[in-house]
Amino acid sequence: MDIEKVNSMDFREFVDVFGNVIERCPLIAAAVWSQRPFSNLEDLEKHFFAFIDALPLSGQEGILRCHPDLAGPELQRGTLTPESQREQSGAGLMNLSAAERLRLAELNARYQARFGFPFVLAARLSDREAVPRELARRLRCLRAQELSTAMDEVKKIGRLRLADLLGSDFPKP
Ligand SMILES: NC(=O)N[C@H]1NC(=O)NC1=O
């Protein structure tokens with residue numbers, strides 16, 4: 001998909017196509033549409049990220065809270081968004097042993113209790129061994145630092161999703 005195609009989309013089409021670049025936050029695509037035309041695909045990405053960066057902390061925390069747990073019950077039930085289902089399955093999180101699933105559930109719960117938002121990590125850049133390791137490490141971080149790390153992960157997920165949508169016209173991270 002090239003930038004002319006993106007710039008030609010009406011509001012509905014744009015939100016249909018880009019509404020889940022940021023998990024379960026179609027409002028962001030809706031806001032980005034108002035800022036077209038985009039000069040190129042990197043410019044499109046910049047608008048997504050600039051919107052996120054300009055949000056108050058409550059808005060950034062809201063984005064994190066829209067993310068489903070990694071290896072949570074929704075993955076097993078198959079009720080995640082298609083993007084999330086693919087990312088989590090690709091990281092091997094569907095194939096955890098009962099003990100691994102329990103450990104991740106405990107770590108996710110401790111993380112949520114400590115920070116007040118779910119643990120977010122770009123699953124496609126990770127795997128079933130690294131996820132619990134990274135979760136345990138980040139559990140020890142300070143809240144402000146952790147919020148910033150988590151928002152960076154949201155952007156990595158968004159960048160990979162944009163690359164999927166835009167195909168070879170957009171470089172993979
Ligand atoms: N909690 C969390 O990180 N979820 C996200 N990560 C990812 O790669 N896809 C998701 O849905």
Side-chain angles (χ1 to χ4, degrees), residues 15-30 32 44-45 48-49 51-53 55 57-167 170-173:
V15 175
D16 274 354
V17 172
F18 296 107
N20 212 44
V21 165
I22 306 301
E23 176 74 10
R24 292 174 175 156
C25 293
L27 164 73
I28 301 182
V32 167
L44 171 68
E45 180 189 63
F48 272 91
F49 293 175
F51 184 90
I52 293 173
D53 290 338
L55 287 172
L57 288 187
S58 59
Q60 298 193 355
E61 288 175 4
I63 289 179
L64 296 176
R65 291 187 184 116
C66 288
H67 285 70
D69 274 352
L70 288 171
E74 284 180 280
L75 176 64
Q76 294 305 319
R77 285 200 297 264
T79 54
L80 293 169
T81 61
E83 293 87 351
S84 185
Q85 193 79 33
R86 237 186 349 260
E87 291 155 358
Q88 298 205 30
S89 306
L93 299 181
M94 280 288 270
N95 310 320
L96 300 182
S97 66
E100 285 173 313
R101 223 180 5 255
L102 187 65
R103 167 145 171 82
L104 262 182
E106 281 169 4
L107 286 168
N108 273 326
R110 277 174 53 202
Y111 185 100
Q112 171 76 47
R114 172 155 157 74
F115 296 115
F117 47 78
F119 174 69
V120 173
L121 176 83
R124 282 162 77 180
L125 304 175
S126 192
D127 58 43
R128 59 190 282 184
E129 283 85 34
V131 170
R133 203 169 52 232
E134 187 61 5
L135 214 174
R137 185 189 71 74
R138 281 172 49 188
L139 248 176
R140 295 192 295 269
C141 292
L142 295 175
R143 193 172 193 281
Q145 181 191 352
E146 190 44 36
L147 182 66
S148 147
T149 303
M151 293 316 295
D152 284 345
E153 293 296 317
V154 167
K155 290 180 188 169
K156 287 183 202 167
I157 296 167
R159 174 161 246 269
L160 286 161
R161 290 182 181 183
L162 273 174
D164 285 343
L165 289 166
L166 301 170
F170 189 72
K172 283 242 187 253

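First listed ligand is number 1; within each ligand, the first listed atom is number 1.
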Hey, could you give me each pair passing salt bridge (Lys or Arg N to Asp or Glu O under 4.0 Å) that has a residue in residues 139-151? Not counting sequence neighbours.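 Listed once each, the pairs are E61-R143, R138-E146.
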List the atom of A150, the atom of V120, and the distance in Å for their closest heavy-atom pair.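 Result for this residue pair: O-CG1, 4.3 Å.
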Minimum heavy-atom distance I22-G158, with the two atoms named: CD1-CA, 4.4 Å
Test: side-chain hydrogen bond (donor to acceptor under 3.5 Å, both in side chains). Region: residues 80-93. Which pairs qualify, not counting sequence neighbours?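 Qualifying pairs: N20-T81, N20-E83, E23-T81, S84-Q88, E87-R161.
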4.5 Å side-chain heavy-atom contact, L162 and F18: yes
Contact table ligand 1 N or O to protein N or O, d under 3.5 Å:
from     : atom 1 : to   : atom 2 : distance (Å)
ligand 1 : 1 (N)  : P68  : O      : 2.7
ligand 1 : 1 (N)  : F119 : O      : 2.8
ligand 1 : 3 (O)  : L121 : N      : 2.8
ligand 1 : 3 (O)  : L121 : O      : 3.2
ligand 1 : 4 (N)  : P68  : O      : 3.3
ligand 1 : 6 (N)  : L121 : O      : 2.8
ligand 1 : 8 (O)  : E87  : OE1    : 3.4
ligand 1 : 8 (O)  : L121 : O      : 3.3
ligand 1 : 8 (O)  : A123 : N      : 2.8
ligand 1 : 9 (N)  : E87  : OE1    : 2.7
ligand 1 : 11 (O) : S84  : OG     : 2.6

Quick one: salt bridge (Lys or Arg N to Asp or Glu O under 4.0 Å) partners of R24, sequence neighbours excluded?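 Per chain and number, R24 pairs via salt bridge (Lys or Arg N to Asp or Glu O under 4.0 Å) with E74.
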